[in-house]
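Worksheet: one structure, shown below.
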Amino acid sequence: MRSVKDSIAARHSVRAYTGELLNADQVEDLLDTGRNAPSSLNSQPWRFKVVNDATTIGWFGQSEVSRKQTWLAQAGAIIVCCADLEGYLKDSQASAFYYRDNNLMDEEPLQGIEKYVAREKENNDIARFGAASMNVGIAVSFMMLRAVEMGLGTCWVGMFNEQVIKEKLGIDPNMRVVCLLAVGKESGSAEFVRNRKAMKDIVLP
């Protein structure tokens with residue numbers, strides 16, 4: 001089995017799939033990995049809608065959905081990764097109360113957490129979405145690395161028509177779609193170039 005470091009090195013954005021659908025065990029494995037990701041104040045705002053029937057997967061490749069990213073039609077599954085903004089706030093508040101009631105930290109950091117939660121309560125949905133989506137991103141990253149371990153490829157897709165997708169799949173209007181995660185067996189073994197900045201370019205003096 002690959003180490004985490006090996007999985008990170010092997011992960012790349014896959015845009016060519018065999019069309020073989022993921023089975024129930026594979027889907028559950030990926031979702032369970034996302035479920036176990038960390039989140040701020042244990043808010044766990046991620047919600048996932050799994051699409052793994054060929055007809056609906058094919059629909060994602062249309063212009064009105066993804067600006068005609070036709071390669072999506074061959075994925076083994078598409079996971080619509082959403083942020084529950086109401087749940088994010090509610091669970092953040094619950095954690096802050098729990099920390100206070102059980103004396104889990106010193107007063108000063110606890111006050112900082114309570115101010116953060118109060119600010120999130122007053123924030124508009126756009127600001128709240130920014131905070132919640134960071135947590136969703138952590139869960140999706142975990143799922144992407146687990147997919148590598150399972151011999152699958154993934155691609156984070158950020159170009160999509162959110163409203164059309166929510167209406168088609170019956171997703172609660174109060175949910176926000178953070179990204180689509182295409183998953184499946186890679187078609188062929190195309191070489192990929194990992195173009196990353198040098199260490200000196202990312203570490204501040």
Side-chain angles (χ1 to χ4, degrees), residues 2 6-37 45-85 129 132-196:
R2 296 179 190 264
D6 289 340
S7 294
I8 292 171
R11 189 220 60 81
H12 60 285
S13 296
V14 174
R15 295 182 177 86
Y17 298 94
T18 64
E20 179 182 342
L21 298 178
L22 267 63
N23 61 45
D25 289 341
Q26 289 172 314
V27 170
E28 183 174 3
D29 195 326
L30 290 171
L31 295 178
D32 193 50
T33 300
R35 185 179 67 87
N36 280 289
W46 42 73
R47 304 291 183 267
F48 302 111
K49 178 72 173 183
V50 179
V51 177
N52 62 344
D53 69 275
T55 300
T56 310
I57 290 174
W59 173 81
F60 276 89
Q62 297 180 20
S63 295
E64 66 167 358
V65 185
S66 66
R67 289 187 176 270
K68 208 171 183 179
Q69 296 180 78
T70 55
W71 58 269
L72 284 168
Q74 296 303 313
I78 293 176
I79 302 175
V80 183
C81 307
C82 303
D84 178 356
L85 302 190
F129 174 64
S133 63
M134 287 190 291
N135 292 302
V136 176
I138 296 171
V140 175
S141 295
F142 273 44
M143 294 163 68
M144 293 168 81
L145 294 179
R146 176 59 182 147
V148 174
E149 288 186 325
M150 296 165 64
L152 301 171
T154 63
C155 188
W156 176 303
V157 179
M159 187 167 60
F160 53 83
N161 187 322
E162 179 179 15
Q163 191 59 37
V164 166
I165 289 172
K166 287 165 70 172
E167 289 176 0
K168 171 75 171 179
L169 302 180
I171 296 173
D172 189 323
N174 293 318
M175 297 281 174
R176 290 297 311 277
V177 179
V178 177
C179 69
L180 309 178
L181 184 64
V183 189
K185 289 189 177 296
E186 185 171 6
S187 177
S189 55
E191 300 248 341
F192 66 95
V193 177
R194 186 171 294 281
N195 183 10
R196 293 292 184 267

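The figures here come from the full heavy-atom set of this structure, side chains too, leaving out hydrogens, waters and symmetry mates.
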Just to verify, what does [X] make a side chain to side chain donor-acceptor pair (under 3.5 Å) with, not counting sequence neighbours?
X	answer
Asp32	Arg35
Glu167	Gln163
Thr56	Asp53

Hey, could you give me each pair passing salt bridge (charged side-chain N to carboxylate O under 4.0 Å, His left out) that has a residue in [range]? Not counting sequence neighbours.
range	value
residues 169-184	Glu162-Arg176
residues 149-159	Arg146-Glu149
residues 11-20	none

Could I get the full list of side chain to side chain contact (heavy atoms under 4.5 Å, CB included) partners for [X], not counting sequence neighbours?
X	result
Ala10	Arg2, Val148
Ser66	Gln69, Leu72
Ala139	Ala37, Trp46, Phe48

Can Val183 and Gln26 be said to form a side-chain contact (heavy atoms from CB on, under 4.5 Å), step by step? CA-CA 10 Å; Val183 189; Gln26 289 172 314; over 6 Å; no
Check whether Lys166 reaches the backbone of Met175 with its side chain - one donor and one acceptor, N or O, closer than 3.5 Å.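 Judged by distance alone, yes, a pair lies under 3.5 Å.
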Would Leu85 and Asn174 satisfy side-chain contact (heavy atoms from CB on, under 4.5 Å), going step by step from the backbone distance to the final call? CA-CA 7 Å; Leu85 302 190; Asn174 293 318; over 6 Å; no
